[in-house]
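Below is one structure, written out as structure tokens; the observations come after it.
Order of appearance sets the numbers: ligands from 1, and atoms from 1 within every ligand. What you see is a predicted model; the values in this text were computed from it and never measured. Side chains are part of it too, since the values below use all heavy atoms of this structure and drop only hydrogens, waters and symmetry mates. Residues take their numbers from the sequence shown, with the count starting at 1.
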Amino acid sequence: MIVLAIETSCDDTSVAVVNDKRRVLAMKTVSRLKEHAKFGGVVPEIAARHHEESILFAAESALSLSGIKKSEINAIAVTNKPGLKGSLLVGTSFAKGISLAKNLPLICVNHIEAHAVSCIIENDEISPPFLSLVISGGHTSIIEVKNYKNFKTHFETIDDAAGEVLDKVARNMGFPYPGGAVLDKMAKLGDKSKFKMPIPKIENFSFSGIKTWAINIEKKIDEDTKKDLAASLVYGISNYVSNHLIHIANKINYKKITIGGGVACSEVLREVIEKKCQEQNFKFYSTSKKYCSDNAAMIGILGIFQTV
Ligand code: KG4
Ligand code: ZN
């Protein structure tokens, strides 16, 4: 089975051609981050217009890179939720158009569920059940993947997402949006015990108090101490989310752990989770950065598994 997959839930326009052997035959992702950086975050109206401008180019590029003929495509997969309304509408309308014109089945895929299973793209040996941390600029959740059609959310942020905090703190430090990757690099150079990040005492994720804590410190420190704040924050968040991840894995007796979402690109986070997994004898699976952040490959792969 060969699927043309479309992802337009936020700011990246991504189209991929994937097959039922979990292989990504080609993927084209068009990022217009620089234009959003001027505003310090994604502007929904601008994102929707960008998708409209880029989607045909992304689809034609992905198809020609894959070497697959249009007639060889067996189905269309598309992100239908959650996401920015205008952005989703561009992708779903485009997908419906092809599906109708070519008489192909349309598979609607949940973006968060796709992040939760993205690790399967490059790890042939993993299959559900497994526990996944989805951590991005819009979401922070711990999701139990019982099978490809049955997901249970155990933890979900009640306010900000982890990536939102990193982006906001980085912005206050003077770095362009999105600043998560910059803070991740700075964190490795700083003293992580310099500031003690507060840990919310609730049975769920919450990041707004952490954001306020970091912003208040940022206002008072000199340039050189910023790397210590980055270290305290990035290691603090990594420990916070991974402790809950391990706790839930033990509670439901799952031994396979994965991560997805843009913040899963963080080397600090990967290092912290990997260490905790080793201590517990859990298997930890991660994937390339291009499949962690928003991408169409994960939409196509989950779409295939949801139809078979
Ligand atoms: O999944 P994603 O591309 O978009 C959504 O939010 O859905 O995630 C973007 C987030 C941003 O907050 C960005 O700062 C963060 O991922 N990010 C990182 C890294 N690369 C991207 N955070 C920490 N370390 C990184 N290396
Ligand atoms: Zn995402």
Answer yes if the side chains of Asn172 and Lys219 hold a donor-acceptor pair under 3.5 Å, and no otherwise.
no
Return yes or no for this condition: an N or O of Gly261 is under 3.5 Å from an N or O of ligand 1.
no
Gly137 N/O under 3.5 Å from ligand 1 N/O:
yes
If you consider just the N/O/S atoms, which atom of Asp294 is the closest one to the Zn ion (ligand 2)?
OD1
Please check this pair: side chain of Asp228 against backbone of Asp191, looking for a donor-acceptor N/O pair closer than 3.5 Å.
yes
Using only atom types and a distance under 3.5 Å, with no angle test, would you say the side chain of Asp184 pairs donor to acceptor with the backbone of Glu267?
yes
So if I count the atoms of ligand 1 from 1 in the order they appear, which ones are less than 4.0 Å from some heavy atom of [X]?
X: Asp184; answer: 24 (N), 26 (N)
X: Gly138; answer: 6 (O)
X: Ser266; answer: 23 (C), 24 (N), 25 (C), 26 (N)

Could you see which bit of Cys10 sits under 4.0 Å from ligand 1, with heavy atoms only: side chain, backbone, both or neither?
neither
Going by the 4.0 angstrom heavy-atom rule, the piece of Asp294 near ligand 1 is both
Among all protein heavy atoms in this structure, tell me which lies nearest to atom 25 (C) of ligand 1, with the distance rounded to 0.1 Å.
Ala181 CA, 3.5 Å
Considering only protein heavy atoms, which is closest to atom 14 (O) of ligand 1, and at what distance to one decimal place?
Asp167 OD1, 2.6 Å
Candidates Gly163, Pro178, Gly179, Gly262; heavy atom nearest atom 17 (N) of ligand 1 found on Gly262
Which one of Gly180, Ser238, Cys292, Cys265 has a non-hydrogen atom at the shortest distance from atom 23 (C) of ligand 1?
Gly180
Any salt bridge between Arg49 and Glu45, counting N to O under 4.0 Å?
yes
Please find out if less than 6.0 Å separates the ring center of Tyr240 from that of Phe205.
yes
Non-hydrogen side-chain atoms of Val234 and Lys188 separated by less than 4.5 Å
no
Sub-4.5 Å side-chain heavy-atom contact between His50 and Asp11
no
Which side-chain hydrogen bond (donor to acceptor under 3.5 Å, both in side chains) pairs, counting each pair once, include a residue from residues 118-132, with sequence neighbours left out?
Arg23-Asp124, Glu122-Thr287, Glu122-Ser288, Ser132-Thr258
Does Ala264 have any side chain to side chain contact (heavy atoms under 4.5 Å, CB included) partners at least two apart in sequence or in another chain, and if so, which?
Ile135, Ile259, Cys292
Angle at the Zn ion (ligand 2), NE2 of His111 to NE2 of His115, rounded to 10 degrees, please.
90°
Between the Zn ion (ligand 2) and Cys10, is there an N, O or S atom separated by less than 2.8 Å?
no
